[in-house]
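Below you'll find the structure, written out as structure tokens, and then a few comments.
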Amino acid sequence: MLQTLLSTWLTTLRTMAQILAHTFRRRVTVQYPEQKNYLAPRWRGRIILSRDPDGQERCVACYLCAAACPVDCIALQATEDSNGRRYPQFFRINFSRCIFCGYCEDACPTYAIQLTPDFEMAEYQRRNLVYEKEDLLISGSGKYPNYNFYRVAGLAIGGKGKGEAENEKPPEDARTLLP
Amino acid sequence: MATIHVDGKAYQTRDGENLLDACLSVGLNIPYFCWHPVLGSVGACRQCAVKVFKDAEDKRGMIVMSCMTPVKDGMLVSIDDPDARRFRAQIIEWLMLNHPHDCPVCDEGGECHLQDMTAMTGHDYRRTRFPKRTHRNQDLGPFINHEMNRCIQCYRCVRFYRDYAGGRDLDVFGVHDRVYFGRQADGALESEFSGNLVEVCPTGVFTDKTLKQHYTRKWDLQMAPSVCVHCGLGCNTTPGERYGTLRRIVNRYNPEVNRYFLCDRGRFGYEFVNSEHRLRRTLVDNEPVERSEAIRRVADMVKAGKRVIGIGSPRASLESNFALRQLVGPDRFYQGFGEDERRLMAKIVDILRNGPARTPSLADMEKADAVLVLGEDLTNSAPRMALALRQAVRNKPMKEIAAKVGIPEWSDAAARTAIQDAKGPLFIVAPTGGKLDDAAMATLRCAPNDAARVGFAVAHALNEKVPAVEGLGEEQRALVEAIAQALREAKRPLVVSGPSCNSEDVVEAAANVAWALCEQGKPCELSYVAHECNSIGLALLGGGALEEATAAIDAGQVEAVVILENDLRRRVGQDGRGGRSGHGGSGNDSIAFVLLDCLAGEEKRGVYLPAATFAEGDGILINNEGRAQRFVQVFTTDDDIQESWRWLVDVMVACGRSEAAAWRTHDDIVAAIAQSIDVFGPIPRTAPSADYRFAGQRIPREPHRYSGRTAMRAHVNVSEPKPPEDVDAPMTFTMEGAQTKPDAELTPFFWSPGWNSIQALNKFQEEIGGPLRGGSPGVRLIEPRENATVCFFDRIPPAFQTRAGEWLIVPTRHIFGSEELSVLSPAIAELKTRSHVGMRPEDAETLGLKEGDEVRVELAEDQVSLRLQIRPDLPRGCASMPQFLQHLAGLTLPQWAKIKGK
Amino acid sequence: MTTTPLTQNIRPGREPLSLKEYEAAGGYQALRKAIKELSPTDVQTMVKDARLLGRGGAGFPTGLKWSFVPMGPDAPRPKYLLCNADEMEPGTFKDRLLIEGDPHQLVEGMIVASYAIQADVAFIFLRAQYDRGAERLRRAIAEAYSAGYLGKNILGTGFCLELQMHESAGRYICGEETALLNSLEGRRAIPRTKPPFPPVVGLWGKPTVVQNVETICNVPHIVNGGVSWYRALSRCEDGGTKIYGVSGKVNRPGAWELPLGGVTVRQLIEERAGGMRDGLKCRGVLPGGASTDFLVEQHFDTPMDFKSVAKAGSRLGTGTMIVLDDQTCPVGMVLNLTHFFATESCGWCTPCREGLPYMENMLRAIEEGRGEERDLAALEEHCRWLGPGMTFCPLAPGAVEPVQSALKYFRDDFERHVREKRCPWR
């Protein structure tokens, strides 16, 4: 009984001391929006589609982000330009469903889809959270400046023929009889 | 049976089978590339290595290729052995040395056998630092995309294309690591089965070019079990849809029908579903109206007491034809065939139902050891059957040559070496040559009458009771003797014929041959080609011919006509001879027209009700074998489209017809058909009913990785709609439901953990190449009559006589062009046969004409101007014209004509 | 009788014997004897008893091979005898010597062997580059036809044989007997599935025996001289003589007919080839063409017969050795050989088609100083996974033999290349 009483007193005192100590700590709360908090470059916020160093769309419409998305909020349709380069005809993210898990970025084989340190996308209308490709595509290469998928892929596209990718030999001549 | 011990566990397998097949059959996983269930083993890729031990004492064992090792009783095998695993990983490493970094932009990605096998062997790190070999691609035509960099040299493509399908223009070039699979020069692949390369190729070298136009990954497709509608064979297919358009068709294995392969018309003809010519809204006199309004208008037209006739269709489902027949009454239901075809189909059905000869499935045909084809160019009229017969010719040499030296059937390269060019008996007697001719032992090109006479003579040679044929030529007599002997000696003889010659004599002659053998107690099978997907179903249903319908219209006995999924211009010709443009030709505006079709006609007077295609509706089709098969709706649309039978039921309900009120679902109408017509009694067994549940759940049409559900419609409405419900089939239009392998009739796609490609099929079969778990889809409606008294046909036609200055125009059919729906697909349209008249080179020379010249063909009632095509395969005194090609539609062929140069 | 039956009529530097000269030297006597006095089975038995092993490299007993051929009236016809004269093994030139030196001997051998298996048609499949041999063979065959040794009713006995020469399109793989069959049929030269073996299912699906030139040339002498004489020619349990050859930096490279097993590696180099060229030392030899394992100093006293060489860890192969001296880079040598084999792979099975070029890449990297430590391990692994049983035919297992033995005996050299990042011989 006495012991219980003692311990109750002691905890109460300790709590009070802690609260008192906090009065002298540095303040954590920032005066948002006047003041912005620091967000790490890898912070998982608003999703963008980036471009490769040549300024072309990086997305090759492989559908992996859509497949990886646990809430199925990415829909797109692949198409091809006259030179065989693939890109999305439309690319839609329903941010009213997005949980910003970043799986799409992990799945992306071309570094096209990236999550950015930006969360300021609140809307009054849910439908305004449906982003189309025009809303997603930025003009830079985002976090991965030098990668260009088509430079390592075997597919020929406009401006890069067969055997002209990195670490490739020129095309074989199937007809030659010489060894 | 043999018992094998794999990694310490005993399994029962078939004796003499190869070890790979045996292990896959019992559900074990061994990676493989060059082996294929029907192409057999050649031991090229070395991927399926396992370890075999001599006995329990043997600890070292020996690495062998499981595909090349016959199963022996008591065999000790290890798949898990570390050496075998390392070797398999090494093989994959070698295969991947030059494989490009293409998966994201490769159409095979996500259903790639190479991806699956790479994951299976555990190869996940690239050690090599040396540059990759590259290749240039070829343009292989509108069906197939070529990307040679991805090739892993398994040789399956050329083995399928050349050895299995008899193609000549795809081959392997070069040697060592430079081998190249392609054509001598760019150009469309010539084989009618080129589309199968997409499935045969384990990676993305050969991919579907039509899919590329609207590319979607396998996991994003909504799929359902379906049946091909482009000919009468009823091959099973898996169509896939995304965003409301049909994206592609792949093969759906049916052990009795198409097995592993489809023809290109079946695979690439699907795009008519997305065609701009589709009718999507209900129209009244070319103005869109509400559905209910349209139904009310139709109900007014066909109300009781009115003189209404219905014209059915061989390309509409059994349910739709039945509903129309119920609406107008059986005596006012016309089949929608022209008179000739109606008579032929009725005869065929009668022969098959009342005669002693059994109608075989395609799989049965592959097992035949002597075949007579009478009056058909199968490659064009029933392509998949031609492929089956190409395999049948191997049966006899396989047994007599290869089996004698102990070569098992699966050892493909060895068997082909032993057999060389030896062929089993296949005889083709037809008015024109065809691609199957190169597999035939002997061919005869002759006029339809002579073909029939040869048939009658063969029957007589086999059985004295059949009347003899007088006045056969020397060549014909020798051939008759050869055919008769081959059929007599065969264990599984087969006679194939059909309506392509438009000759009743040919159909009867074929029956005589089969019956001649059956009468002697020999089980001879008899198969007739059917041109359209439900020709047999319609023939079984009965009804008058189209000519009778037009006669009734002309006689003014008709107030309203309901035309079901039928372009009548193709059957009885246009301008004034009946059909859609003239609406029966009487020009009588007092007749009301109701048209149910998936395609919009040119003139839109009357009520147009948009009918569902196979992809948007449910139904049953009956193939040439008499097998009723169910196609299940693949996707729903926002348009007015629904099945024709639903429209007709709606109309009947609006008319106050009490019996139709109960027909709300597919099951209801199927039950009604089964009840009212005896022959269709078994059709409820074609597929489980809509209240069936698998493992307590419905079966999902969408794979479990289906993506974009909360975004695909978000641009229209950010709130997701409730998924449509399916009242017709125990399936869902979502990814929710039973995630295990459902019944064969309801398998929407083949997928199994670790097996993303179509080769996941291995996991759905009871044994490799055998029946599907849960039986083969379809119910046979036609069985031969037991103890039938054989009544041979005895009307032998006179021999064909040539005429001076005139030619007998024989009809030809064309895989790309003769079928009305598939030609709406851009890829098929690119390769379709153009209208022409075919002439022998000698005849053309006499007239001073050459290939491509414009000639005038003077028919009995008509004159047409056509380009000349030189056809050395025609018999003397004959010329040819394609049936059913544009502006040649509705011609009655064969008929005599004069041909003149311009 | 002679102790060098195969080469007795060869006159170096001069035209070969014409038909007349060959007959004068006792030629076509074996044919007369076999066809008139002996039954086909007698000839088969003689060849079997003479213990004639195939001279093409594998050393398979010839009589045994013939015994697999279906005989008698029910046997499938026609039957074929094929002479494998597609001598493309690097360092091997013994068949060329026989073809160019004494074509009639080969023709006679073909007829006698055909008689033994009752073949109806015989082919000589000649290496593409052997133009002189082709010309001489063509002449010899024509002479044999006009003398009635070939064609219908040979020597009035009723035995018929058509003999044709076919010049190869020039692929190493055609030396593999089933690839040779495919090539002769006009197909791609890729090996066939075995079983069935050619004596059962061969050319155009018919029973076929494929023999090396040297093997065939031995046959008339067995018939002529008899089994015991023939067996006495050798110094081991197998019969006959063997043509041995030496190439490389020796004083007198060449080929010599010697008793089988009657000479050691050292004797061949020192006594026959006149020793190594000035100041060079022999580091190792590939005893039977390029696709055999190296033998080194410790094996140099091995007699050159099939069994002894196998016991030393290599194969007698074709019996024509390539000598590696101490001034030549062994890495460069095996790179050169691997390059040859990689480009001569037919492209059918994965290990050979992909594995050999990978090995070549690694060897080239090592030779050019770009090699890495892990390459050596990877090479060893490749040698294992390209070994017998792993590939479809023996090309790749043969191709890795020099590499695997070089890695064993000359490992230091490989390691120096990697360590010093250059070829020490350059």
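Numbers restart at 1 for each chain; the letters A, B, ... are given by sequence-line order, proteins then strands.
In this structure, no portion of B:Asp412 lies under 4.5 Å from any heavy atom of chain C. In this structure, the portion of B:Arg133 lying under 4.5 Å from any heavy atom of chain C is its side chain and not its backbone. B:Tyr155 touches chain C through its side chain: at least one heavy atom from C-beta onward sits under 4.5 Å away, while N, CA, C and O do not. If you measure heavy-atom distances from B:Val64 to chain C, you find no contacts under 4.5 Å at all. Neither the backbone nor the side chain of B:Met62 comes within contact range of chain C; no heavy atoms are under 4.5 Å apart. Neither the backbone nor the side chain of B:Ser41 has a heavy atom closer than 4.5 Å to any heavy atom of chain C. Residue B:Ile401: no heavy atom, backbone or side chain, is found under 4.5 Å from chain C. Both the backbone and the side chain of B:Ala418 come within contact range of chain C, judged by heavy atoms closer than 4.5 Å. For B:Gln153, the parts sitting under 4.5 Å from any heavy atom of chain C are the backbone and the side chain alike. Both the backbone and the side chain of B:Ile91 come within less than 4.5 Å of a heavy atom of chain C. Heavy-atom distances place no part of B:Gln47 under 4.5 Å from chain C, backbone and side chain included. Using a 4.5 Å cut-off between heavy atoms, B:Arg127 contacts chain C through both its backbone and its side chain. Only the backbone of B:Phe173 comes within contact range of chain C, with heavy atoms under 4.5 Å apart. Heavy atoms closer than 4.5 Å to chain B are found in both the backbone and the side chain of C:Glu372.
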* Given B:Phe160 and B:His36, is the ring pair (Phe, Tyr, Trp, His ring centres under 6.0 Å) satisfied, shown in steps? -> CA-CA 10 Å; B:Phe160 167 77; B:His36 183 282; 8.0 Å; no
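For the pair C:Thr343/B:Asp177, no side-chain contact is recorded, criterion being any heavy-atom separation below 4.5 Å from C-beta on.
A salt bridge links B:Asp438 with B:Arg390: at least one charged nitrogen is closer than 4.0 Å to a carboxylate oxygen. Using a 4.0 Å cut-off between a side-chain N of Lys or Arg and a carboxylate O of Asp or Glu, B:Arg126 and B:Glu93 do not qualify as a salt bridge. With respect to the salt-bridge test (charged N to carboxylate O, under 4.0 angstrom), the residues B:Lys399 and B:Glu409 do not qualify.
Across all non-hydrogen atoms, the minimal contact from B:Arg46 to C:Gly389 is NH2-O, 3.6 Å.
Atom SG of C:Cys352 is separated from atom CH2 of B:Trp94 by 9.5 Å, given to the nearest 0.5 angstrom.
Classified by interplanar angle (parallel below 30°, tilted 30° to 60°, perpendicular above 60°), the ring pair B:Tyr180/B:His135 is perpendicular.
A side-chain donor-acceptor contact under 3.5 Å links C:His417 and C:Glu367.
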